[in-house]
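Below: one structure, written as structure tokens.
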Amino acid sequence: AQLNASIGRHDLVIEDCTRLLVLQPGMVEAHRLRGLAYHGVGELEEAVADFTQGLVHAPDDVALLRTRSDDAYALGEFELAIRDLDQLIAQFNDDAELYFNRARAHASLGHYDDAQRDMAHALRIDPDRGWDAMWERFLVRLAWSRFRGNQLEDAVDLWTQVITINPPE
């Protein structure tokens, strides 16, 4: 399975790992590899399911938590992404990217105070990375999405956040 993964043969990785997991359902590495293969072919629901199974057997596995949080966020499963990021931040409280990702998930749920707190923390940890510009772009995209979805109150709140970050001169 690892050889097929190294050459990008996601279909074969999925087959190999499925066979392995029939024999050894708790094999964390097989869940990780198959989850990554599912991610590689765009089947994020299957990827999250495999990462979740792997975490049953290795609940503190950093790689599984990171990949599951990313895919959960992409699926709109923001609460799951936040739970994973909470667990990662408990272990790595100096990782600005974890705070940035959790801020995005909080903002996507409309938890703007939590989002701002996480964003401020990311900026304190790594002020030179350009988090403020990335955050502004994220909020603008989210505001337009909410506006197009006729969630006008949410869109106004987001635009207010953008103006706070980058006030007009």
Output the distance between atom [atom1] ([X]) and atom [atom2] ([Y]), rounded to the nearest 0.5 Å.
X	Y	atom1	atom2	value
D86	E79	CG	CD	12.0 Å
Y112	D157	OH	CG	5.5 Å
D70	L75	CG	CG	11.0 Å
I14	E46	CD1	CD	8.5 Å
D154	L142	CG	CG	7.0 Å
I89	E97	CD1	CD	11.0 Å

Q | Sidechain-backbone polar pair: T160 side chain, V156 backbone, donor-acceptor under 3.5 Å | A |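 Yes: the side chain of T160 pairs with the backbone of V156.
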
Q. Do side-chain atoms of H31 reach the backbone of P25 as a donor and acceptor pair under 3.5 angstrom?
A.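 Pair found, side chain donor or acceptor close to backbone of P25.
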
Q. Between D71 and Y38, is a side-chain contact (heavy atoms from CB on, under 4.5 Å) present by the stated rule, with each step listed?
A. CA-CA 11 Å; D71 285 352; Y38 277 128; over 6 Å; no

Q: Any chance you could lay out the side-chain contact (heavy atoms from CB on, under 4.5 Å) test for R19 and L23, step after step, and finish with the verdict?
A: CA-CA 7 Å; R19 282 195 294 275; L23 300 172; over 6 Å; no

**Q.** Full working for side-chain contact (heavy atoms from CB on, under 4.5 Å) between D95 and R66
**A.** CA-CA 12 Å; D95 187 330; R66 278 188 185 263; 2.6 Å; yes

Q: Please check if atom NE2 in H121 has more than 12 non-hydrogen atoms from other residues, nucleotides or ligands closer than 6.0 Å.
A: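 Yes - once you tally the heavy atoms of other residues, nucleotides and ligands closer than 6.0 Å, there are more than 12.
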
(Q) Can you confirm whether F147 is buried at CZ, in the sense that more than 12 heavy atoms of other residues, nucleotides or ligands lie under 6.0 Å from that atom? (A)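 No, because the 6.0 Å sphere around CZ of F147 holds 12 heavy atoms or fewer from other groups.
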
Do [X] and [Y] have side-chain heavy atoms sitting under 4.5 Å apart?
X	Y	result
R32	D61	yes
L20	L33	no
D60	Q87	yes
T18	E15	no
V28	L64	yes
L65	L55	yes
F51	S69	no
Y99	N93	yes

Atom of [X], atom of [Y] and distance for their closest heavy-atom approach:
X	Y	result
G26	H57	CA-NE2, 3.4 Å
A107	A115	N-CB, 3.7 Å
V48	A72	CG2-N, 3.9 Å
R34	C17	CB-CB, 3.7 Å

Assigning hydrophobic clusters by single linkage (Ile, Leu, Val, Met, Phe, Trp, Tyr; side-chain heavy-atom cutoff under 4.5 Å), is [X] placed with [Y]?
X	Y	answer
I82	F138	yes
V13	L44	no
L109	L85	no

Q. Parallel under 30°, tilted from 30 to 60°, perpendicular over 60°: which one fits the rings of W144 and W159?
A.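 Taking W159 first and then W144, their aromatic rings stand perpendicular (interplane angle over 60°).
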
Q. Hey, what's the ring geometry for W135 with F100, parallel, tilted or perpendicular (30° and 60° as the breaks)?
A.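 Plane angle over 60°, so perpendicular.
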
(Q) Salt bridge check, D114 against R117: does any charged N sit closer than 4.0 Å to a carboxylate O? (A)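 Here R117 pairs with D114 in a salt bridge, since their nearest N and O are under 4.0 Å apart.
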
Q: List the steps and the verdict of side-chain contact (heavy atoms from CB on, under 4.5 Å) for D11 and V41.
A: CA-CA 8 Å; D11 55 333; V41 296; over 6 Å; no

